[in-house]
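Only one structure is covered here, and it is reproduced in the block below.
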Amino acid sequence: MKKIITIACIAVLFGCQEKAQKITDSKDYDPYLITNNTPSKNALHEEFEFWQKEFDNDSTNLVEMSRMSGIHAAMFGITGDISELKTSEKLIKKSHDVSARNKDSYLRSLAHNYVSQHRFKEAQVLLDSAYTYPDNHRETEMMLFDVAMELGEYNRADTLLGKIKDPKDFNYLIRLAKWSDHNGNLDAAIKYMEQAKQIAEARDNKGLKIWIYSNIGDFYGHAGRLQDSYDSYLKTLALEPDNHYVKKQLAWMAYSSEKNTKEANRILDSVMVNHKAPDYYLLKGQMAEFDGNISEANKEYAKFIKATENPDYGGMYNAYLIDFYADREPQKALKLAAMEITNRATPETYQLLAFSQLKAGDKKAALRTIAEYVEGKTSEPKALFHSALIYKANGMEDKVRPLKEELLGAAYELGPIKAKKAENL
């Protein structure tokens with residue numbers, strides 16, 4: 001009887017998922033899709049022109065170098081042009097070498113740049129060096145926590161979180177939220193993010209509000225609170241109309257929740273005019289595949305692969321590539337997964353290795369990887385999905401059933417293609 005009830009519940013859950021939930025309304029965000037509505041980019045270009053003239057007059061002055069390095073990093077954020085991030089890296093290094101003071105500040109700036117490039121171990125070395133200086137330990141500790149989380153060094157992250165503890169501090173609260181999410185306590189993570197949001201709003205700090213509205217929108221989405229997620233994204237766009245990240249999230253909502261690939265592509269096309277990133281092509285390929293247009297999907301996938309071949313990206317797209325190649329060229333996926341684990345050994349990278357091992361035909365090795373490095377260590381839906389596939393391949397149906405039920409409740413995060421596969425587990 002218990003088995004029948006469980007199956008019935010799963011059927012109801014999936015039935016609810018199958019009904020496209022209408023959240024978005026184009027009238028809400030159409031003004032933000034106008035491709036020449038780029039106030040952030042325009043303001044940054046004005047700043048760039050001013051400081052470029054100053055820099056041309058004296059390229060050894062620390063003030064000019066520091067300003068230009070920051071502008072180039074911001075240009076990467078706004079345009080997605082990886083060469084801007086590499087230019088920023090060069091300028092920070094030069095500033096560090098020239099400076100006789102504030103070495104720790106330049107080390108943190110360079111570490112931040114490396115984090116953006118997914119060069120986490122190098123970033124940690126820089127931050128450990130910055131920590132030897134007597135000043136600004138709290139700033140360094142916060143960044144060391146971020147890097148420790150990326151590297152899977154959770155004991156160190158826990159210790160660092162204790163060092164920066166301050167329940168009234170925005171920067172502490174957002175890290176406590178990340179820690180809670182890592183530990184599978186999404187409700188607590190949202191609670192801390194909402195506390196951080198109150199601080200940002202009380203200060204009326206535009207930068208903090210943009211950050212918290214966009215990020216808490218993601219947390220709401222993870223929790224299935226799609227209306228709250230949507231409303232938070234709109235708040236972000238009201239402050240920053242050219243926020244490409246949020247617009248991509250709206251495209252995902254139209255696709256994953258509403259199964260409206262036409263609208264999702266329309267949103268994404270507007271983003272791609274001003275911002276370049278390889279994963280846009282990957283998403284377009286997935287949507288074409290969902291629509292059954294395999295030839296179009298393959299064209300978009302080819303664009304994704306070509307874009308990631310730019311050596312300046314380094315390992316920034318390894319996770320995307322491993323997931324992509326596992327189904328198509330598993331040996332290539334295995335090689336990339338080994339590289340990614342060397343870069344950061346986390347449950348999320350190990351589950352990609354396990355998935356690659358499964359697809360390469362070694363289901364026993366995949367099971368060992370899951371058992372040792374993944375099981376009980378992450379609640380991330382893709383990790384659970386790949387774990388379920390591996391359990392099923394090894395005939396462990398007792399482990400598949402509870403994961404399947406959980407996955408059907410995470411269909412929004414998985415996306416329609418993986419959600420359909422989860423249904424068939």
Side-chain angles (χ1 to χ4, degrees), residues 115 118 120-121 123-124 144-162 174-190 192-193 218-219 221-224 315 318-320 322-323 326 333-334 336-360 362-394 396-414 418 421-422 425:
V115 166
H118 289 204
F120 301 113
K121 287 186 174 179
Q124 188 177 63
L144 278 168
F145 168 83
D146 299 337
V147 170
M149 292 295 288
E150 294 291 350
L151 291 173
E153 297 178 359
Y154 301 121
N155 288 335
R156 188 183 192 194
D158 191 20
T159 299
L160 287 160
L161 194 61
I174 62 175
R175 287 169 173 82
L176 183 58
K178 184 173 185 177
W179 179 252
S180 300
D181 187 42
H182 161 71
N183 288 317
N185 194 341
L186 182 55
D187 289 340
I190 289 174
Y192 297 130
M193 289 290 279
D218 293 348
F219 278 76
H222 300 331
N318 276 355
Y320 291 95
I322 295 163
D323 197 28
L334 280 171
L336 281 172
M339 290 169 56
E340 189 66 0
I341 286 170
T342 300
N343 186 31
R344 49 173 172 170
T346 67
E348 286 73 25
T349 52
Y350 272 110
Q351 62 91 11
L352 287 171
L353 171 65
F355 182 49
S356 302
Q357 290 169 328
L358 174 68
K359 291 298 182 176
D362 197 343
K363 63 182 182 181
K364 295 299 181 186
L367 183 61
R368 288 194 297 270
T369 300
I370 290 294
E372 186 171 356
Y373 300 107
V374 182
E375 186 175 0
K377 295 178 173 65
T378 179
S379 56
E380 200 267 332
K382 286 182 182 177
L384 300 184
F385 174 64
H386 290 151
S387 296
L389 290 176
I390 289 162
Y391 292 141
K392 188 173 183 69
N394 283 277
M396 302 168 69
E397 292 294 335
D398 58 321
K399 282 185 170 288
V400 175
R401 282 191 293 272
L403 287 181
K404 179 176 180 177
E405 188 167 352
E406 192 167 348
L407 289 167
L408 294 178
Y412 175 71
E413 285 185 80
L414 288 172
K418 282 186 168 65
K421 291 178 180 177
L425 281 168

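All values below were derived from every heavy atom in this structure, side-chain atoms included, with hydrogens, water molecules and symmetry-related copies excluded. Numbers here simply count residues along the sequence, with the first being 1.
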Residue pair Lys178, Ile174: steps toward the side chain to side chain contact (heavy atoms under 4.5 Å, CB included) verdict: CA-CA 6 Å; Lys178 184 173 185 177; Ile174 62 175; over 6 Å; no

Trace of the side chain to side chain contact (heavy atoms under 4.5 Å, CB included) decision for Ile390 with Lys363: CA-CA 7 Å; Ile390 289 162; Lys363 63 182 182 181; 6.0 Å; no

Apply side-chain hydrogen bond (donor to acceptor under 3.5 Å, both in side chains) to the pair Thr378 and Gln351, showing each step before the final yes or no. CA-CA 10 Å; Thr378 179; Gln351 62 91 11; over 6 Å; no

Worked check of side chain to side chain contact (heavy atoms under 4.5 Å, CB included) between Leu353 and Ile341: CA-CA 8 Å; Leu353 171 65; Ile341 286 170; 3.4 Å; yes

Glu372 and Tyr350: side chain to side chain contact (heavy atoms under 4.5 Å, CB included), yes or no, with the steps? CA-CA 9 Å; Glu372 186 171 356; Tyr350 272 110; over 6 Å; no

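No side-chain heavy atom of Thr342 sits less than 4.5 Å from a side-chain heavy atom of Glu340. Considering only heavy atoms from C-beta on, Leu160 stays 4.5 Å or farther from Arg175 through its side chain. Side-chain contact between Leu407 and Leu425: present, with at least one pair of heavy atoms (C-beta onward) separated by less than 4.5 Å. Looking at heavy atoms from C-beta onward, Thr346 lies in side-chain contact with Thr349 at the 4.5 angstrom threshold. Taking 4.5 Å as the limit, every side-chain heavy atom of Gln357 sits out of range of all side-chain heavy atoms of Arg368. Considering only heavy atoms from C-beta on, Lys364 comes within 4.5 Å of Asn394 through its side chain. Using a 4.5 Å heavy-atom threshold, the side chains of Pro347 and Tyr154 count as touching. With a 4.5 Å cut-off on side-chain heavy atoms, Asp146 and Val115 do not count as touching.
Ile370 contributes atom CD1, which lies 10.5 Å from atom CZ of Phe355 (distance to the nearest 0.5 angstrom).
The neighbour count for Asn155 CG, taken as heavy atoms of other residues, nucleotides or ligands under 6.0 Å away, does not exceed 12. By the neighbour-count criterion of 12 heavy atoms within 6.0 Å, atom NZ of Lys377 is densely surrounded, having more than that number from other residues, nucleotides or ligands.
For Asp218, the side chain to side chain donor-acceptor pair (under 3.5 Å) partners at least two apart in sequence or on another chain are Tyr233, Tyr245, Gln249.
No side-chain donor-acceptor contact under 3.5 Å links Lys399 to the backbone of Tyr391. Of the possible polar contacts, one joining the Asn183 side chain to the Trp179 backbone as a donor-acceptor pair under 3.5 Å is found.
Closest heavy-atom contact between Ala189 and Ser180: N-CB, 3.8 Å. What you find for Phe120 and Val147 is that their closest heavy atoms are O-CG1, 3.5 Å. Across all non-hydrogen atoms, the minimal contact from Ala354 to Ala366 is O-CB, 3.2 Å. The shortest heavy-atom contact between Ser387 and Leu403 is CB-CD1, 4.2 Å. Minimum heavy-atom separation, Ile322 to Ser356: CG2-OG, 3.4 Å.
Residue Glu413 is tested with Lys382, His222, Lys418 for a side chain to side chain donor-acceptor pair (under 3.5 Å); the sole match is His222. Among Lys121, Arg344, Arg156, the single residue meeting the salt bridge (Lys or Arg N to Asp or Glu O under 4.0 Å) criterion with Glu150 is Arg344.
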